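Small disclaimer: the values here were computed from a predicted structure and weren't measured. Indexing begins at 1, ligand by ligand and atom by atom, following the structure's order.
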Amino acid sequence: MEEGKMDENEWSYHGEGNKSLVVAHAQRCVVLRFLKFPPNKKKTSEEILQHLQNIVDFGKNVMKDFLGENYVHCGEVVQLPLEFVKQLCLKIQCERPESRCDKDLDTLSGYAMCLPNLTRLQTFPFAEHRPILCVEIKPKCGFIPFSNGVTHEMKHKVCRYCMHQHLKVATGKWKKISKYCPLDLYSGNKQRMHFALKSLLQEAQNNLRIFKNGELIYGCADARSPVADLKALAHHLKPFFFPSNGLASGPQCTRAVIRELVHVITRVLLSTSDKGRAGALRLGLQGARVCEASPFSRSLHHQGKNTPEHSGLPKGCLLYKTLQVQMLDQLDIEGLYPLYNRVEQYLEEFPEERKTLQIDGPYDEVFYQKLLDLSTEDDGTVAFALTKVQQYRVAMTAKDCSIMIALSPCLRGASSDQRPVIPSSRSRLAFSVSVLDLDLKPYESIPHQYKLDSKIVSYYSKTVHAKDDTVRSTRFKEHEDCTLVLHKV
Ligand SMILES: O=P(O)(O)O[C@@H]1[C@@H](OP(=O)(O)O)[C@H](OP(=O)(O)O)[C@H](O)[C@H](OP(=O)(O)O)[C@H]1OP(=O)(O)O
Ligand SMILES: Nc1ncnc2c1ncn2[C@@H]1O[C@H](COP(=O)(O)OP(=O)(O)OP(=O)(O)O)[C@@H](O)[C@H]1O
């Protein structure tokens with residue numbers, strides 16, 4: 001970023017999560033990502049610079065290898081004029097959702113990350129004049145724990161996302177329980193994937209957002225005021241997926257356009273645009289492949305059908321690679337926690353060792369190589385415990401990342417310029433797939449994870465599973481769902 005040339009009026013609020021806030025440039029396809037902190041927890045400029053550098057290094061040295069060069073965009077750390085950051089912060093404050101204002105944007109260090117704007121097609125340096133649609137999915141954890149360390153039987157049957165839904169609704173985070181189950185999305189079975197994506201469209205929460213030309217048109221900017229009008233969405237989608245059945249308006253048109261979107265996203269998710277390489281990890285899928293709480297498997301079960309087919313994901317696709325990284329959590333938090341305590345005990349005795357153990361970085365080649373040791377034989381050493389702790393942190397990162405799919409119609413007759421292309425009813429769509437929010441989860445969050453896990457399972461077991469029959473009838477109307485799921489499209 002060139003000092004003196006930064007004008008806050010060229011940047012606009014784009015979005016934020018729990019830990020960072022993103023602004024997008026009006027013309028150029030770049031964003032600035034700033035860290036956020038609670039008001040009483042300010043950090044020094046040096047600490048912020050180090051934190052951001054760690055994020056970039058972790059992306060470069062670890063995630064690029066695991067997920068694939070083309071999917072990961074590490075960006076770079078930039079130093080910005082303090083006056084620019086101050087003015088920008090004032091300018092965007094009114095656009096920030098109230099629920100995110102418990103944390104303040106860091107305006108004191110002047111450091112931020114500069115990244116490509118992933119809501120735009122990746123190969124274009126400048127904003128395109130063609131319409132660009134971008135679907136952001138936060139898929140969450142796609143497997144059921146298989147570790148012997150798991151003490152709650154329920155965790156072998158129902159996935160964490162589905163259990164957590166009940167706690168989230170009870171605590172008022174969301175109003176309705178979603179029918180989305182990550183295991184359906186990660187199944188590789190088209191029917192299950194369609195169901196998962198339709199469920200996300202019905203109840204987006206913070207798992208689905210849709211942008212058109214970089215602007216949010218569907219999903220939550222703020223949990224309290226979600227934008228989720230399917231009819232309005234279908235209207236936005238018409239330039240991309242005008243239905244081949246010729247219907248220009250009405251509920252049938254809405255359904256047809258949404259169905260097109262779901263089919264196109266499924267095909268993109270199953271595509272292997274990263275040269276089909278499987279990534280550095282080879283973890284066999286263990287544990288249940290179906291979550292008992294998923295309305296999809298429940299509806300099949302009630303029709304007396306076998307468990308849904310698990311087609312498996314193509315090895316080169318981003319979902320497959322993300323799942324592989326998630327499965328670095330081999331022991332589950334219950335098996336991991338005693339190992340974390342072993343590391344903690346060691347650090348209490350030898351606090352100066354924290355650096356050597358690379359708890360807070362550097363996330364370099366040495367750090368990466370240690371992650372590849374998948375042995376689960378505990379020899380009682382701190383080294384073993386540390387490897388499992390670091391693998392767990394990486395797995396948790398992959399359980400919380402988001403996938404961005406950008407789509408843009410190809411001009412008639414134009415070559416695709418080596419960009420991958422997917423056919424749709426209206427035209428061919430050039431697409432790019434990227435992954436974002438790959439910040440390594442902090443070591444300090446492990447005790448929180450342990451407590452939260454137990455809270456999620458206890459709440460689900462006590463209140464939901466005990467009243468299973470009632471829940472089944474309120475969670476979804478079976479006949480309606482079966483038609484939705486099994487209707488051949
Ligand atoms: O624990 P979870 O599964 O609720 O995930 C948290 C997310 O909630 P979600 O369930 O996706 O709505 C949560 O997302 P929201 O703030 O709810 O949008 C964060 O992503 C959080 O990560 P971090 O603490 O900011 O690094 C996430 O925490 P981590 O568990 O990934 O550390
Ligand atoms: N490179 C990018 N291009 C376009 N949009 C982006 C980019 N990075 C982030 N965003 C948008 O900003 C939002 C917040 O970013 P991000 O997920 O990194 O925040 P976070 O605070 O780290 O998230 P979390 O709540 O998971 O901790 C994303 O959901 C996405 O919509």
Visitor: Of the backbone atoms (N, CA, C, O) and the side-chain heavy atoms from C-beta on, which set of Leu436 has a member under 4.0 Å from an atom of ligand 2: side chain, backbone, both, or neither?
Guide: side chain
Visitor: Return the option from Leu35, Asp439, Asp437, Val31 holding the heavy atom at the smallest distance from atom 17 (O) of ligand 2.
Guide: Asp437
Visitor: Does this structure show an ion pair linking Glu76 with Arg33, if we count only N-O contacts that are shorter than 4.0 Å?
Guide: no
Visitor: Any chance the side chains of Ser294 and Asp184 put a donor and an acceptor closer than 3.5 Å?
Guide: yes
Visitor: Does even one non-hydrogen atom of Gln449 get within less than 4.0 Å of ligand 1?
Guide: yes
Visitor: Just to be sure I'm reading this right: ignoring hydrogens, which of Gly75, Ser20, Gly214 gets closest to atom 16 (P) of ligand 2? Compare them by their nearest heavy atoms.
Guide: Ser20
Visitor: Considering only heavy atoms, does Arg100 approach ligand 1 within less than 4.0 Å through its side chain, its backbone, both, or neither?
Guide: side chain
Visitor: Where is the nearest protein heavy atom to atom 25 (O) of ligand 1: which residue, which atom, and how far?
Guide: Asn18 ND2, 2.9 Å
Visitor: Contact between Lys138 and ligand 1, counting heavy atoms under 4.0 Å?
Guide: yes
Visitor: Between Tyr13 and Gln93, does a side-chain hydrogen bond (donor to acceptor under 3.5 Å, both in side chains) hold up when you go through it step by step?
Guide: CA-CA 9 Å; Tyr13 178 80; Gln93 189 57 32; over 6 Å; no
Visitor: Quick one: look up the protein heavy atom nearest atom 17 (O) of ligand 1 and list residue, atom name and how far away it is.
Guide: Lys173 NZ, 2.5 Å
Visitor: Under 4.0 Å from ligand 2, counting heavy atoms only, is it the side chain of His14, its backbone, both or neither?
Guide: side chain
Visitor: Which of the numbered atoms in ligand 2 are below 4.0 angstrom from a heavy atom of Arg33?
Guide: 18 (O), 22 (O)
Visitor: Is the number of heavy atoms from other residues, nucleotides or ligands within 6.0 Å of CD (Glu215) greater than 12?
Guide: no
Visitor: According to the interplanar angle, ranging from 0 to 90°, do the rings of Trp11 and His25 count as parallel (below 30°), tilted (30 to 60°) or perpendicular (above 60°)?
Guide: perpendicular
Visitor: Tell me the contacting part of Phe34 for ligand 2: side chain, backbone, both, or neither, using a 4.0 Å heavy-atom threshold, strictly below.
Guide: neither
Visitor: Check if Arg160 has a non-hydrogen atom at a distance under 4.0 Å from any atom of ligand 1.
Guide: yes
Visitor: Side chains of Asn341 and Gln345 only: does a donor on one sit below 3.5 Å from an acceptor on the other?
Guide: no
Visitor: Do Lys370 and Gln391 have a side chain donor and acceptor closer than 3.5 Å?
Guide: no
Visitor: Could you list the atoms of ligand 2 found under 4.0 angstrom from a heavy atom of Arg209?
Guide: 29 (O)
Visitor: Which protein non-hydrogen atom lies closest to atom 11 (O) of ligand 1, naming both residue and atom, and how far is it?
Guide: Lys140 NZ, 2.8 Å
Visitor: For atom 9 (P) of ligand 1, which protein heavy atom lies nearest, and how many Å away is it?
Guide: Lys168 NZ, 3.5 Å
Visitor: Which atoms of ligand 2 have any heavy atom of Lys138 under 4.0 Å away?
Guide: 26 (O)
Visitor: Which of parallel (below 30°), tilted (30 to 60°) and perpendicular (above 60°) describes Tyr340 and Tyr443?
Guide: tilted
Visitor: Return the orientation label for the Tyr460 and His166 ring planes: parallel under 30°, perpendicular over 60°, tilted otherwise.
Guide: perpendicular
Visitor: Looking at atom 21 (C) of ligand 1, what's its closest protein heavy atom, distance included?
Guide: Asp400 OD2, 3.7 Å
Visitor: Could you tell me whether ligand 1 has any atom less than 4.0 Å away from a heavy atom of Leu452?
Guide: yes
Visitor: Could you list which atoms of ligand 2 come closer than 4.0 Å to a heavy atom of Phe211?
Guide: 31 (O)
Visitor: Name the residue from Lys36, Arg100, Lys103 that meets the side chain to side chain donor-acceptor pair (under 3.5 Å) definition with Glu16.
Guide: Lys36
Visitor: Please list the nearest protein heavy atom to atom 23 (P) of ligand 1 with its residue and the distance rounded to 0.1 Å.
Guide: Lys441 NZ, 3.5 Å
Visitor: In terms of side-chain heavy atoms, does Asp364 have a donor or acceptor partner in Gln358 at a distance below 3.5 Å?
Guide: yes
Visitor: Can you tell me how the ring of Phe143 sits relative to the ring of Phe146, calling it parallel under 30°, perpendicular over 60° and tilted otherwise?
Guide: tilted
Visitor: Can you confirm whether the side chains of Asn207 and Tyr180 place a donor and an acceptor under 3.5 Å from each other?
Guide: no
Visitor: Lys36: heavy atom below 4.0 Å from ligand 1, yes or no?
Guide: no
Visitor: Return yes or no for this condition: an N or O of Trp174 is under 3.5 Å from an N or O of ligand 1.
Guide: no
Visitor: What protein heavy atom sits nearest atom 4 (O) of ligand 1, and how far away is it?
Guide: His164 CE1, 3.1 Å
Visitor: State whether Lys399 and Asp329 are salt-bridged, where the test is any N-O pair (Lys NZ or Arg NE/NH1/NH2 against Asp/Glu carboxylate O) under 4.0 Å.
Guide: yes
Visitor: Starting from atom 12 (O) of ligand 1, find the nearest protein heavy-atom neighbour and note its residue, name and distance.
Guide: Asn206 ND2, 2.8 Å
